[in-house]
Amino acid sequence: MVNLLKDGALDSLSVGFVPIEDERDKAGITHRRRVRLLETSVVSWPAYEAAKITGQRSETLTEEPTDNKESEDTKVDKELEETLDAIKDEQRSLKAALAKGGTTEPPKQIGSEYRTAGDYLQALYRGDETAVQLMHECRDLIATGDTGNKVAWIADELRLIEQRRKVTNLLTHDTLPDKGMTMEYNVVSTDTTTVGKQAGEGDALQFGKVTFGTKSVTIDTYGGYTTLSRQVIERSTTPMLNTALAALRNAYAKATETAVRTYLYDTIAAQRDASTDANKIDAPAALAAMTIDQWAGLIMDAAELADDRNVNLTRLGVSKDVMAALIALKDSGSRFFDLSGDGSDTLGDFDLTGIAGRFLRLPVQMLPNAPEGTACFIDPESVTVWESGGPTQLSDGDPTKLTENYSVYGYLAVAATQPLGLIPVKFATA
């Protein structure tokens with residue numbers, strides 16, 4: 001091989017590799033920064049024309065090699081052979097690893113065996129082992145935000161539940177512990193932490209301390225069931241079954257949303273009406289008499305109070321009558337608020353179908369069925385909703401009536417984990 005290199009018969013290089021880190025320059029040329037080397041070969045026709053061998057190691061001998069001394073060519077040949085043998089061993093190992101990995105199918109996502117909830121229900125009725133396993137494994141699918149499950153019918157069910165829980169979606173979500181019907185959670189009792197400039201090099205920094213308190217909350221069960229005849233399950237199309245399950249799903253969403261609303265509204269009212277609690281803002285006038293300037297001052301006061309408490313002034317939650325009062329604000333006979341979505345010289349806008357809008361750049365959300373006069377600046381961290389549940393249908397049949405009972409249920413708890421993040425407004429008495 002050395003002689004072929006010297007003679008120029010072999011003048012190119014072939015490299016086999018797996019790209020790991022690439023970078024493309026302004027000219028569109030890709031530069032390989034890191035690769036996994038698989039093989040190197042000296043060839044006559046390379047895959048890339050520019051992969052040429054531009055030099056080789058050589059040494060001019062001053063004397064003929066003796067029997068006890070190998071020639072330089074022989075050393076080079078041995079080095080090349082050893083390198084090629086090592087590459088071949090690595091290739092064999094890689095091929096074996098790839099072959100072994102190639103026989104293992106990627107794990108299936110939970111529920112991917114079924115196209116719709118109706119298909120799943122029929123499989124559950126038949127006693128399909130996969131459906132039964134799914135029934136037990138999918139109970140934590142609701143819980144928090146993105147579950148990571150991309151199976152269409154499960155993702156759709158969770159999405160539709162979320163769409164029907166407008167107030168619940170404003171708050172922080174977390175998962176429930178595996179066991180128990182009560183749970184403890186931590187709240188900040190005192191916070192004297194402070195940060196300031198160091199007086200001098202080597203001097204002590206300012207000291208503060210956070211103390212925590214522990215509270216407990218009851219975990220409640222929410223659910224319902226319906227009865228379907230065996231004939232409906234066996235002979236109806238899956239859209240009919242999907243409709244039955246959708247009704248249960250919607251009822252579950254409504255029941256849990258109602259529980260969260262009740263807790264939030266009661267907590268806001270208690271903080272607003274407490275005579276010794278400073279956790280509120282007193283409005284300078286009655287609701288109907290509030291001017292735009294007074295509203296602006298109220299928002300500035302809330303922003304300052306939120307800054308002192310280190311909470312976020314995320315949105316203003318209001319009852320229907322307060323939202324109507326905001327929309328009715330006028331100046332010289334003209335509305336301050338755009339209701340069409342096309343206004344420009346306004347202080348805010350409202351989407352009446354979405355019961356939400358903006359007021360002086362602050363998001364405003366109507367709190368459906370909240371008591372009249374409710375207005376509260378809400379930090380999502382102020383209240384936490386713990387939940388565990390999912391599109392779980394449990395079967396309990398009656399063979400004498402050829403019926404099967406199916407239920408949707410979940411567990412839920414709600415508590416004020418950061419009460420200072422709720423800043424209620426108390427309007428003056430008319």
Side-chain angles (χ1 to χ4, degrees), residues 166-167 169-172 261 264-265 267-383 416 418-430:
K166 295 181 175 63
V167 173
N169 292 339
L170 302 179
L171 308 173
T172 297
R261 289 183 186 182
L264 178 64
Y265 300 168
T267 302
I268 291 173
Q271 293 187 178
R272 180 195 62 201
D273 300 333
S275 57
T276 58
D277 189 357
N279 190 36
K280 63 178 181 295
I281 294 180
D282 290 316
L287 174 61
M290 288 285 290
T291 66
I292 188 65
D293 291 334
Q294 289 173 325
W295 272 109
L298 198 66
I299 292 176
M300 287 189 287
D301 290 343
E304 190 173 53
L305 186 58
D307 181 72
D308 290 340
R309 296 175 175 180
N310 198 30
V311 297
N312 293 320
L313 198 69
T314 305
R315 62 175 43 83
L316 174 63
V318 298
S319 56
K320 183 178 178 180
D321 63 316
V322 176
M323 191 172 218
L326 288 174
I327 294 173
L329 286 172
K330 295 180 175 63
D331 180 36
S332 300
S334 299
R335 283 186 183 274
F336 270 115
F337 290 88
D338 168 49
L339 303 182
S340 66
D342 299 325
S344 55
D345 297 328
T346 61
L347 292 174
D349 58 82
F350 281 102
D351 174 6
L352 299 183
T353 59
I355 59 174
R358 292 176 301 156
F359 177 35
L360 297 173
R361 297 187 180 274
L362 177 67
V364 179
Q365 178 79 38
M366 193 179 95
L367 303 175
N369 299 315
E372 289 188 355
T374 298
C376 183
F377 298 93
I378 300 174
D379 182 339
E381 299 291 335
S382 61
V383 176
Q418 180 61 281
L420 294 181
L422 293 176
I423 306 177
V425 176
K426 187 175 181 63
F427 295 102
T429 303

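Rounded to the nearest 0.5 angstrom, Leu298 CG and Leu316 CG are separated by 8.5 Å. Residue Leu170 holds its CG atom at 5.0 Å from CD of Gln365, rounded to the nearest 0.5 Å. Rounded to the nearest 0.5 Å, atoms CG (Asn279) and CG (Leu305) are 7.5 Å apart. Between Met300 atom CE and Ile281 atom CD1 the span is 11.5 Å, to the nearest 0.5 Å. Taking OG of Ser382 as the start and CD of Gln271 as the end, the distance is 8.5 Å to the nearest 0.5 Å.
Residues satisfying the side chain to side chain donor-acceptor pair (under 3.5 Å) test with Ser319, not counting sequence neighbours, are Asp321. A search for side chain to side chain donor-acceptor pair (under 3.5 Å) contacts involving Arg261 returns Glu257, not counting sequence neighbours. Take Ala303 and apply the side-chain contact (heavy atoms from CB on, under 4.5 Å) test, not counting sequence neighbours, and it matches Leu313.
The shortest distance between side-chain heavy atoms of Thr314 and Pro363 does not fall below 4.5 Å.
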For residues 284-297, please give each side-chain donor-acceptor pair under 3.5 Å, one per line with the distance, not counting sequence neighbours.
residue : atom : partner : partner atom : Å
Thr291  : OG1  : Gln294  : N            : 3.2
Thr291  : OG1  : Gln294  : OE1          : 3.4
Gln294  : OE1  : Thr291  : N            : 2.9

I'd like a table of donor-acceptor pairs (distance under 3.5 Å, sequence neighbours excluded) in which one partner is a side-chain atom from residues 422-429, with atom names and distances.
none

Let me have the donor-acceptor pairs involving side chains of residues 369-380, under 3.5 Å, with sequence neighbours excluded, atom names and distances please.
residue : atom : partner : partner atom : Å
Thr374  : OG1  : Pro371  : O            : 2.6
Asp379  : OD1  : Glu381  : N            : 3.0
Asp379  : OD2  : Asn312  : N            : 2.9

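The minimum heavy-atom distance linking Lys320 with Met366 is given by the pair CA-SD, 3.9 Å.
Open room surrounds CG on Asn310; 12 or fewer heavy atoms of other groups in view lie less than 6.0 Å from it.
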